[in-house]
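Okay, so here's the structure we're looking at.
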Amino acid sequence: MESSSPATFFSIIIPVYNSSHTLERCLDSILNQDYRSFEVVCIDDGSSDSSWDMLGDYVLRDSRIRRISQANSGPASARNRGLKEATGEYILFVDSDDYLYVDNALSVLNETIIANDKCEVVYYAGAFVSSDGVFPDYSKHKKVYDHGYQCMEENCLNSDGIVFGSVYVQCCKRSLIEDNCIRFDEHILYGEDRLFVCTLYNYANRTVEIPSILYCYVVNNSSSLMNNDKRLARFNSDNRQVALHLDHLIRNNAYKQPRLRKYIHGLYKQSIRGMNKKEIDWKFVFRNASTLKLLVKDCLHYLGVFHY
């Protein structure tokens with residue numbers, strides 16, 4: 001099967017920023033894959049540690065690895081640069097802090113793509129890794145969708161495992177991204193991958209969901225977002241922007257998506273806590289209240305009786 005694939009079937013894009021302490025584990029998990037038709041596009045986003053030199057060592061070891069340097073511009077910019085440089089038929093994103101969970105991850109993806117004609121997106125499972133160990137996501141089952149928005153509607157409210165909107169658990173056809181000019185919004189710091197993934201699913205056709213755990217996401221508990229007022233304010237502002245973008249994206253869809261509406265409503269509701277009522281976009285709130293219960297709560301909030 002592998003011999004009939006393009007010279008570079010998978011492009012694995014890795015944004016790198018001061019990752020010298022985790023980079024070896026990340027890259028080794030990719031080089032240890034039993035499926036060999038891939039390239040690794042590493043975008044060094046202005047690292048000040050030894051990450052660039054470490055990448056150079058790996059480039060000498062394996063010609064499938066490329067390193068590209070840019071001034072520090074954030075992960076969204078780094079991923080966009082990776083998309084520009086990628087040549088593979090399918091795209092994966094891996095964070096330099098994380099790693100592929102099993103040595104046959106690419107084989108599983110390759111076999112899934114071959115078994116499902118015209119597959120544009122494969123949505124797989126992930127596991128969280130922390131000081132307490134690994135917490136796998138066993139909630140998924142094998143499902144095939146004719147349209148990506150059906151998969152998005154099915155999974156957007158799931159709370160088990162890695163959040164649906166995470167870019168790390170998606171393998172997508174590069175032509176789907178390029179033909180629809182999908183890119184990461186570089187003005188959004190928190191939630192830009194969520195917006196990217198939902199936009200991807202809005203345009204995708206054949207989408208396959210598989211239960212295989214292929215990715216390890218390393219939880220960093222060194223700092224708390226909620227204990228930093230400036231970061232929390234930016235987080236809430238970005239969440240509002242993501243919610244507004246998603247609302248615009250699906251507003252004219254013929255396919256009704258009440259679960260996604262509830263998801264969008266929740267993003268916005270979380271981001272407006274403590275805001276003056278006059279600052280809230282009430283048309284947006286009521287439009288995305290997909291259940292009677294939410295609508296009643298929104299009306300009570302509008303009247304000043306109930307607070308989120």
I'd like to check [X] versus [Y] (side-chain heavy atoms, cut-off strictly below 4.5 Å). Are they in contact?
| X | Y | result |
| --- | --- | --- |
| Phe284 | Tyr268 | yes |
| Val41 | Thr87 | no |
| Val218 | Thr22 | no |
| Glu111 | Ile114 | no |
| Ile213 | Val102 | no |
| Val208 | Val121 | no |
| Cys172 | Ile177 | yes |
| Lys143 | Thr207 | no |

Give the intermediate values and the outcome of ring pair (Phe, Tyr, Trp, His ring centres under 6.0 Å) for residues His147 and Tyr145. CA-CA 5 Å; His147 298 285; Tyr145 303 88; over 10 Å; no

Would you find a donor on one side and an acceptor on the other, under 3.5 Å apart, between the side chain of [X] and the backbone of [Y]?
| X | Y | result |
| --- | --- | --- |
| Ser29 | Tyr99 | no |
| Asp185 | His187 | yes |
| Asp49 | Ser20 | yes |
| Arg240 | Phe235 | no |
| Ser51 | Ser47 | no |
| Gln33 | Ala105 | yes |
| Arg183 | Arg79 | no |
| Ser11 | Gly88 | yes |
| Trp282 | Lys277 | yes |
| Ser271 | Ser237 | no |

Could you walk me through whether Leu246 and Tyr263 pass the side chain to side chain contact (heavy atoms under 4.5 Å, CB included) check? CA-CA 10 Å; Leu246 291 180; Tyr263 177 75; 4.3 Å; yes

Got a salt bridge between [X] and [Y], using NZ or NE/NH1/NH2 to carboxylate O under 4.0 Å?
| X | Y | result |
| --- | --- | --- |
| Arg174 | Glu178 | no |
| Arg259 | Glu154 | no |
| Asp247 | Arg251 | yes |
| Lys142 | Glu209 | no |
| Lys283 | Asp281 | no |

Evaluate side chain to side chain donor-acceptor pair (under 3.5 Å) for Asp34 paired with Ser107, printing each intermediate quantity in order. CA-CA 7 Å; Asp34 58 10; Ser107 291; 2.5 Å; yes

Suppose we screen for side chain to side chain donor-acceptor pair (under 3.5 Å). Which residues come up paired with Arg67, at least two apart in sequence or across chains? none

Side chain to side chain donor-acceptor pair (under 3.5 Å) filter on Ser69, not counting sequence neighbours, yields none

Cluster question for you: counting only ILVMFWY and a side-chain heavy-atom cut-off of under 4.5 Å, with indirect links fine, are [X] and [Y] together?
| X | Y | value |
| --- | --- | --- |
| Tyr17 | Val40 | no |
| Leu60 | Leu23 | no |
| Val167 | Ile12 | yes |

Mark yes or no: Arg64 above the aromatic ring of Phe38, with NZ or CZ under 6.0 Å from the six-membered ring centre and no more than 45 degrees from the axis. yes

From [atom1] ([X]) to [atom2] ([Y]), nearest 0.5 Å:
| X | Y | atom1 | atom2 | result |
| --- | --- | --- | --- | --- |
| Ile14 | Leu92 | CD1 | CG | 10.0 Å |
| Ile68 | Asp44 | CD1 | CG | 10.5 Å |
| Leu27 | Ile65 | CG | CD1 | 5.0 Å |

Side chain to side chain donor-acceptor pair (under 3.5 Å) between Asn202 and Asn253, worked out: CA-CA 9 Å; Asn202 187 65; Asn253 283 5; 3.0 Å; yes

Side chain to side chain contact (heavy atoms under 4.5 Å, CB included) between Asn155 and Tyr123, intermediate numbers included: CA-CA 10 Å; Asn155 289 284; Tyr123 170 37; 3.6 Å; yes

Are Phe93 and Tyr168 an aromatic pair by the rule of ring centers under 6.0 Å? no

Measure centre to centre between the rings of Tyr215 and Tyr101, then say whether the value is under 6.0 Å. no

Between the side chains of Gln70 and Asp45, is a donor N or O closer than 3.5 angstrom to an acceptor N or O? yes

After noting the C-alpha distance and the side-chain angles of Lys256 and Glu153, does the key distance pass the salt bridge (Lys or Arg N to Asp or Glu O under 4.0 Å) rule? CA-CA 9 Å; Lys256 303 300 181 184; Glu153 175 70 6; over 6 Å; no

Side chain to side chain contact (heavy atoms under 4.5 Å, CB included) evaluation trace for Tyr201 with Val197: CA-CA 6 Å; Tyr201 275 75; Val197 168; 3.7 Å; yes

Given side chain to side chain contact (heavy atoms under 4.5 Å, CB included), test Glu192 with Tyr190 step by step and report yes or no. CA-CA 6 Å; Glu192 83 290 347; Tyr190 299 104; 5.7 Å; no

Just do the ring pair (Phe, Tyr, Trp, His ring centres under 6.0 Å) check on Tyr35 and Phe10 with the steps written out, would you? CA-CA 10 Å; Tyr35 183 86; Phe10 293 108; 5.6 Å; yes

